[in-house]
Number of protein chains: 2
Amino acid sequence: MTKHIRPLRLGALPEGMRRALRGAREKRGWTQRELASRVGLTQTHISGIESGKIVPRYDTLLELVRILDHDLLMVPRALVPVVQSLIRDHMQPDHKDDGEERALYADDADNEESSEEPRDEV
Amino acid sequence: MTKHIRPLRLGALPEGMRRALRGAREKRGWTQRELASRVGLTQTHISGIESGKIVPRYDTLLELVRILDHDLLMVPRALVPVVQSLIRDHMQPDHKDDGEERALYADDADNEESSEEPRDEV
DNA sequence: AAATTAAATATGACAAAGCATATCAGACCA
DNA sequence: TGGTCTGATATGCTTTGTCATATTTAATTT
């Protein structure tokens, strides 16, 4: 069996986030090249990120996220569900504006914290 | 005139986030080495990140943030202030638990989008 | 319908930076 | 003085990120 001694972190962005990025780009009618030039990256780079071939640096992802009118926030775990529902609310059918965006945020789904030991108390 | 043709992203993590990371680590009484072994990184790496010498990849930062009982969320810009105050609330003196944590989240403060045209109208 | 043209995305090779291993300098204590 | 524990530094390997090119897809013309 391919028993990875070391999980090597993710290997790619969470799929949910990749879809969110691509969705937000397409929603604006921007091509990869258009987005790339706006944010100061290259089209190749965008392609690699969206297709999951590379995990961008934090600052790179931040640029991308911001150009797409979002932000990356460091949220205490206890607040994550609240924020999530806030986000879900925000793109409810009411707001026709954002109606097209799918569930967008970095969900935990792709990370296996199964082997994680529930760390000590705060 | 030092007219940067290309801003080269950040160059380091926002100082606020670096302080938050280091603060959260120290709050737990962990050394860089201890944190490193817990999260599967190296002490060298942690040092470089906290001191601002390197900008970690997204997945690396995510591991760090999660071990410190936080998460990285992709939030629509319109909701950022709300979430921020939520976070501020959460670590208000009321909660003696988190009383020690400083302002922790990725604030925009350290990014100079001054040269960037703020045209983000959808 | 086939061919041609153009645009959007994906693929390859090189340079830059993250990340790992080993080591070092300082602080603290026995 | 030695020993241990802390964070920082030096050297290589791996991956990101850039430049140039190929492949796919769609629209237009004949």
Side-chain angles (χ1 to χ4, degrees), chain A residues 2 4-15 17-68 72 74 100 106 110-111, chain B residues 4-15 17-68 72 106 110-111 116:
Chain A
T2 342
H4 302 79
I5 303 302
R6 195 172 31 122
L8 250 286
R9 253 132 296 164
L10 283 87
L13 282 188
E15 190 171 331
M17 181 174 270
R18 300 212 318 266
R19 305 254 302 249
L21 287 173
R22 173 167 294 195
R25 173 176 64 81
E26 291 176 343
K27 188 186 104 178
R28 268 145 247 245
W30 294 348
T31 71
Q32 290 183 345
R33 194 175 305 269
E34 169 96 18
L35 172 59
S37 75
R38 274 178 193 264
V39 77
L41 302 179
T42 63
Q43 177 270 324
T44 304
H45 206 173
I46 309 282
S47 169
I49 292 173
E50 286 188 354
S51 61
K53 287 208 175 63
I54 64 178
V55 178
R57 273 190 274 144
Y58 168 77
D59 53 356
T60 303
L61 181 60
L62 187 61
E63 293 286 332
L64 261 180
V65 157
R66 289 199 167 155
I67 263 299
L68 295 173
L72 276 182
M74 180 171 165
E100 201 34 78
D110 301 68
N111 276 49
Chain B
H4 302 81
I5 304 302
R6 194 173 32 125
L8 250 291
R9 256 131 296 168
L10 283 86
L13 282 188
E15 191 171 330
M17 181 173 272
R18 300 212 316 267
R19 306 253 303 249
L21 286 173
R22 173 166 293 195
R25 173 177 64 82
E26 292 175 342
K27 190 187 101 180
R28 267 147 247 242
W30 295 347
T31 70
Q32 289 183 344
R33 231 172 280 265
E34 169 97 16
L35 173 59
S37 75
R38 275 179 192 264
V39 76
L41 302 180
T42 64
Q43 178 270 323
T44 304
H45 206 171
I46 308 283
S47 169
I49 292 173
E50 286 188 355
S51 61
K53 287 204 173 65
I54 64 180
V55 178
R57 272 190 275 145
Y58 168 77
D59 53 356
T60 303
L61 181 61
L62 188 61
E63 294 285 332
L64 259 180
V65 158
R66 289 197 168 158
I67 238 359
L68 294 171
L72 280 181
D110 302 70
N111 278 49
E116 295 275 324

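Keep in mind it's a predicted model, so treat the numbers as computed, not measured. So that the names make sense, note that chain A is the first sequence line, chain B the second, and so on, each numbered from 1.
Spacing between atom CD of A:Glu63 and atom C1' of D:dG17 amounts to 14 Å, rounded to whole angstrom units. Between A:His45 atom NE2 and C:dT9 atom P the separation is 16 Å, expressed in whole Å. Note: CG (A:Leu61) to P (D:dT16) measures 13 Å, nearest angstrom. Here the P atom of nucleotide C:dT11 and the CD atom of A:Glu50 are 13 Å apart, to the nearest Å. Atoms CD (B:Glu26) and C1' (D:dC5) sit 15 Å apart, rounded to a whole Å. Here D:dT6 presents its C1' atom at 13 Å from CD of B:Glu34, a figure rounded to the nearest Å. Computed from coordinates, the A:Tyr58 OH to D:dT16 C1' distance equals 18 Å when rounded to whole Å. For the pair A:Ile46 CD1 and C:dA8 C1', the interatomic distance rounds to 13 Å; values are reported in whole Å.
Under the 4.5 Å side-chain criterion, counting only non-hydrogen atoms from C-beta, A:Leu72 is in contact with A:Met17. Looking only at side-chain heavy atoms (C-beta outward), A:Val55 and B:Thr60 stay at 4.5 Å or farther from each other. B:Ile46 places none of its side-chain heavy atoms less than 4.5 Å from the side chain of B:Leu21.
Expressed to the nearest 0.5 Å, how far CZ of B:Arg22 lies from OG of B:Ser47 amounts to 7.5 Å.
For A:Gln32, a side-chain nitrogen or oxygen approaches OP1 or OP2 of C:dA10 to under 4.0 Å. In this structure, B:Arg25 reaches the D:dG7 phosphate: one of its side-chain N or O atoms is under 4.0 Å from OP1 or OP2. The side chain of A:Lys53 places no N or O atom within less than 4.0 Å of a non-bridging phosphate oxygen (OP1 or OP2) of D:dG17. For the pair B:Ser51 and D:dG7, the criterion of a side-chain N or O lying under 4.0 Å from OP1 or OP2 is not met.
In this structure, A:Arg25 contributes its side chain and A:Trp30 its backbone to a donor-acceptor pair below 3.5 Å.
Screening A:Arg18, A:Arg19, A:His45, A:Gln32 for a side-chain hydrogen bond (donor to acceptor under 3.5 Å, both in side chains) involving A:Glu50 leaves a single residue, A:Gln32.
Projected onto DNA chain C by closest heavy-atom contact, B:Arg33 and B:Pro56 fall at different nucleotides, the more 5' of which corresponds to B:Pro56.
Residue-level contact check: A:Gln43 touches the bases, meaning some heavy atom is under 4.0 Å from a base atom. Here A:Ser47 lies in heavy-atom contact (under 4.0 Å) with a base.
Here the shortest heavy-atom pairing between A:Ala36 and A:Thr42 reads CB-C, 3.5 Å. In plain terms, the two heavy atoms of B:Ile67 and B:Arg28 that are nearest each other are O-NH1, 4.1 Å.
Taking only distance into account, the side chain of A:Thr44 meets the base of D:dC19 through a donor-acceptor pair shorter than 3.5 Å.
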Restricting to nitrogen or oxygen on both sides, can you table the protein-nucleotides 27-30 of chain C pairs closer than 3.5 Å?
none

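Which of D:dG7, D:dG17, C:dG18 sits closest to the side chain of A:Ile54 comes down to D:dG17. Of the listed nucleotides (D:dG17, C:dA8, D:dT15), C:dA8 has the atom at the smallest distance from the side chain of A:Thr31.
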